[in-house]
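To keep things clear, I will list the structure first and then write my remarks on it.
Just the heavy atoms: all of them, side chains too, but no hydrogens, waters or symmetry mates, feed the values below. Just so you know, residue 1 is the first one in the sequence shown, and it goes up from there.
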Amino acid sequence: MKHALNVTREQDFAAWYQAVITEADLAEESGVRGCMVIRPWGYGIWERIQRLLDDRIKATGHENCYFPLFIPLSYFEKEAEHVDGFAKEMAVVTHHRLVSDGKGGLTPDPEAKLEEPLVVRPTSETVIGTAFSRWVQSWRDLPVLINQWANVVRWEMRTRMFLRTAEFLWQEGHTAHATAQEAREETLKMLEVYREFAETCLGLHVIAGEKPENERFPGAVATYSIEAMMQDGKALQAGTSHFLGTNFAHAQNIRFQNAEGQFEHANTTSWGVSTRMIGGVIMVHGDDDGLRVPPAIAPWQVVIVPMLRDAPEDEPLIAYCRALQATLAKQSALGEPVRALLDLKPAKAATKRWGWVKKGAPVIIEVGGRDMAGGNVSVVRRDRLYRADGKLDSTIVAKDDFTGQVGEMLADIQATLLAQSTERLRSQIVPVDDWAGVEAHFASGGKNPGWVDVRWSKPTGDALEAVVQRLKGLKLTIRNAPLGQTGCDDGPCVFTGAPAVERVLIGRAY
């Protein structure tokens, strides 16, 4: 069967991923290594993610604000573990002016060197912590619950669009609390917000759990993540939530006077998701014809493609399609008005149809003269593009029937994509009882070995480092220890032989 992309997932998953980004008009190279131009369709998906997630964040009591892009280097130096964790990725501004080099080029002006270097924001714990130290004086000032939508820069050595870029877009939440219990509850509450959002809106079945000590955010007491499985069996960390304890409060002097008049350090949290989520949507839902966008985050849920002839008789057909678009806008799907686009670009209908197939529009409607005469439309659902015989599954439906059923159809597409993601994840996690079983699984798993589920004794220090090095030899990492475990079955840890206290998931990852 011939597909819309020139490379399939089976042939070369990495090349296929890049082909989807290009053919779906999601993003392109910018001329700066590791940075991308996000095109309107890709940014439209991000805007939908922003809107839906922002509503959830605000519903939990958080307020949006904004902090500077430039952070004094001294802010990072107050928290040694934090700066060590990001030092190799920091972009630093040292001058504020350029001058001619006398050869037709420009060079930093030696007279314009900054008194203190400024770090281009890799994350905002330090600058926000400094603000918290001003805002928080009394127990009455707590909790502080804020969020910002921003860009960050981390100078990655190996980059891949959406998954790992030098500059990316995200939201980062930061909170301060009177007690460790409140802060831990906040950390897990926001992790659950991410889990529900990923499944409800992105159609990504994820596993929420705690990261091992070596995978913690620099300076955190505990880090939690949601992990999604891509079609090649690799894991994608799709969001994180961190309990920071009082570590940043000590460094940034976030203190408050409690009800008894004594001074205490606040407990803080941070949590975030980024444009990496779009990479997850591509690798979970895409097929050999391009992207498949879940209706909840699709900029346009229904695209109407009239079969135009560039002739006067096109006018009645365009009017028919405009009326269809207006009717669709009055319908509801997934709790919002249906987003319908009438594509009047001067191109052949088949060219436009396949363009929208590659972009992943959930429903594509083709309307020709015969359809108009019969009061019909031809419907293509992106989640099931072909019939059993390999031909395009385009179904002629009465226009009024389609408009009455469009909400249900979009909800069904959303549910179908989640069900496929759920089945993939559940079917590709294999329990393994010993290290030999781990080695055998990943040696025989081919291109798509999935993950293994093993017993874990939660080692620390040198014992944990030995585990990390053993896993590194197989290009594996511990993804997380799923939440909600009621205990671990009797048996030894597959790494240390010590009694296990929980189970963890292991796999290859992006």
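A distance below 6.0 Å separates the ring centres of W271 and H62. Ring pair W41/W356: centre-to-centre distance below 6.0 Å. Checked against a 6.0 Å centroid threshold, the rings of W149 and Y66 do not count as neighbours.
Side chain of T351 to main chain of A347: no donor-acceptor pair is present (N/O by atom type, distance under 3.5 Å, no hydrogens or angles). Q171 contributes no side-chain N or O that, together with a main-chain N or O of A150, makes up a donor-acceptor pair within less than 3.5 Å. Checked by atom type and distance alone, the side chain of Q137 pairs as donor or acceptor with a backbone atom of S133 at under 3.5 Å. Between the side chain of R216 and the backbone N or O of V221 there is at least one donor-acceptor pair closer than 3.5 Å. Side chain of W451 to backbone of G233: a donor-acceptor contact under 3.5 angstrom is found. Checked by atom type and distance alone, the side chain of E28 never pairs as donor or acceptor with a backbone atom of V37 at under 3.5 Å. A donor-acceptor pair is defined here as one N or O able to donate and one able to accept, closer than 3.5 Å; such a pair exists between the side chain of R276 and the backbone of L163. Of the possible donor and acceptor atoms, none in the side chain of E502 sits under 3.5 Å from a partner among the backbone N and O of P482. The closest donor-acceptor contact from the side chain of N480 to the backbone of K211 lies at 3.5 Å or more, if one exists at all. Looking at K234, its side chain never comes within 3.5 Å of a backbone N or O of M229 through a donor-acceptor pair.
Using a 3.5 Å distance cut-off with no hydrogens or angles, the side chains of N267 and E182 do not pair a donor with an acceptor. Side chains of T175 and T269: a donor-acceptor N/O pair is present below 3.5 angstrom, by distance only. For the residue pair T126 / Q252, no side-chain donor-acceptor distance below 3.5 Å is found, with atom types taken as modelled. Q181 and T179 are not linked by any side-chain donor-acceptor pair at a separation below 3.5 angstrom, with hydrogens and angles left out of the test. For the 3.5 Å distance criterion, the side chains of T187 and S241 fail to qualify, holding no donor opposite an acceptor. D232 and Y510 share a donor-acceptor pair across their side chains, judged by distance under 3.5 Å alone. For T8 and E10, the side-chain atoms include no donor-acceptor pair closer than 3.5 Å. Remark: the R479 side chain and the T477 side chain contain an N/O donor-acceptor pair separated by less than 3.5 Å. If you check the side chains of Q257 and R140, you find no donor sitting under 3.5 Å from an acceptor.
The 12-atom threshold is exceeded at CD of E116, counting heavy atoms of other residues, nucleotides or ligands nearer than 6.0 Å. In this structure, W354 places its CH2 atom where more than 12 heavy-atom neighbours from other residues, nucleotides or ligands lie under 6.0 Å away. Other residues, nucleotides and ligands place no more than 12 heavy atoms under 6.0 Å from the CG atom of D462. Shown here is K345, whose NZ atom has more than 12 heavy atoms of other residues, nucleotides or ligands within 6.0 Å. Other residues, nucleotides and ligands contribute more than 12 heavy atoms inside 6.0 Å of the CD atom of E185.
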Distance-only criterion, 3.5 Å: show the donor-acceptor pairs between side-chain atoms of residues 463-470 and protein atoms not counting sequence neighbours.
{"from": "E465", "atom 1": "OE2", "to": "Q469", "atom 2": "NE2", "distance (Å)": "2.7"}

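Of all the heavy atoms in L145 and G61, the pair that sits closest is CD1-O, 3.8 Å. Residues P68 and V127 share a closest heavy-atom pair of CD-CG2, 4.3 Å. Closest heavy-atom contact between A333 and L410: CB-CD1, 3.6 Å. Summarising the geometry of A27 relative to M36, their closest heavy-atom pair is CB-SD, 4.1 Å, with the distance given to 0.1 Å. The two residues C35 and A166 make their nearest non-hydrogen contact at SG-CB, 4.1 Å. Counting all heavy atoms, side chain and backbone alike, N147 lies closest to G173 at OD1-N, 3.6 Å.
Y75 carries K78 over the face of its six-membered ring, with the cationic atom under 6.0 Å from the centre and within 45° of the normal. No cation-pi contact links R56 to F197, judged by a cut-off of 6.0 Å to the six-membered ring centre and 45° from its axis.
V206 has its side chain out of reach of Y194: every pair of non-hydrogen atoms, C-beta onward, lies at least 4.5 Å apart. In this structure the side chain of F256 reaches within 4.5 angstrom of the side chain of L142, judged on heavy atoms. A heavy-atom distance below 4.5 Å is not found between the side chains of W16 and D12. Here the side chains of R164 and R158 are not in contact, with every heavy-atom distance at 4.5 Å or above. Proximity of L334 to P295: side-chain heavy atoms (C-beta onward) are separated by under 4.5 Å at one or more points. Inter-residue side-chain proximity for T107 and V99 is flagged as met; some heavy-atom pair is nearer than 4.5 Å. Side-chain atoms of W155 and E167, non-hydrogen and from C-beta on, never get closer than 4.5 Å to each other. The side-chain heavy atoms of S274 and L169, taken from C-beta on, include no pair separated by under 4.5 Å.
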Test side-chain hydrogen bond (donor to acceptor under 3.5 Å, both in side chains) applied to T165 and T159, step by step | CA-CA 5 Å; T165 50; T159 60; over 6 Å; no
Please walk me through it: do N448 and Q428 pass side-chain hydrogen bond (donor to acceptor under 3.5 Å, both in side chains)?
-> CA-CA 9 Å; N448 186 358; Q428 292 178 207; 3.1 Å; yes
Carefully, step by step, assess F442 and R508 under the rule side chain to side chain contact (heavy atoms under 4.5 Å, CB included).
-> CA-CA 9 Å; F442 286 99; R508 295 182 178 132; 3.8 Å; yes
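The side-chain hydrogen bond (donor to acceptor under 3.5 Å, both in side chains) test with T223 singles out one residue from E210, H242, E213, and that residue is H242.
Summarising the geometry, atom CG belonging to N151 is positioned 9.5 Å from atom CZ belonging to F168; distances are rounded to the nearest 0.5 Å. The structure places CD1 of I429 at 5.0 Å from CG of L505, a figure rounded to the nearest 0.5 Å. Atom-to-atom distance recorded for H174:NE2 and F67:CZ is 8.0 Å, nearest 0.5 angstrom. The CG atom of L26 sits 5.0 Å away from atom CZ of F162, with the distance rounded to the nearest 0.5 Å. Within the model, atoms CZ of R292 and CD1 of I282 stand 13.5 Å from one another, a figure rounded to the nearest 0.5 Å. Separating the CG atom in L188 from the CE atom in M190 is a distance of 11.5 Å, to the nearest 0.5 Å.
Taking the charged nitrogens against the carboxylate oxygens, D288 and R9 do have a contact shorter than 4.0 Å, which makes a salt bridge. Salt bridge absent: K189 and E192 never bring a charged side-chain N and a carboxylate O closer than 4.0 Å. One finds a salt bridge joining R382 and D287 here, because a Lys/Arg side-chain nitrogen approaches an Asp/Glu carboxylate oxygen to under 4.0 Å. Using a 4.0 Å cut-off between a side-chain N of Lys or Arg and a carboxylate O of Asp or Glu, K103 and D101 do not qualify as a salt bridge. Salt bridge status for R51 with E47: absent, with no side-chain N to carboxylate O gap under 4.0 Å.
Between F132 and W135, the ring-plane angle classifies as tilted under the 30° and 60° cut-offs.
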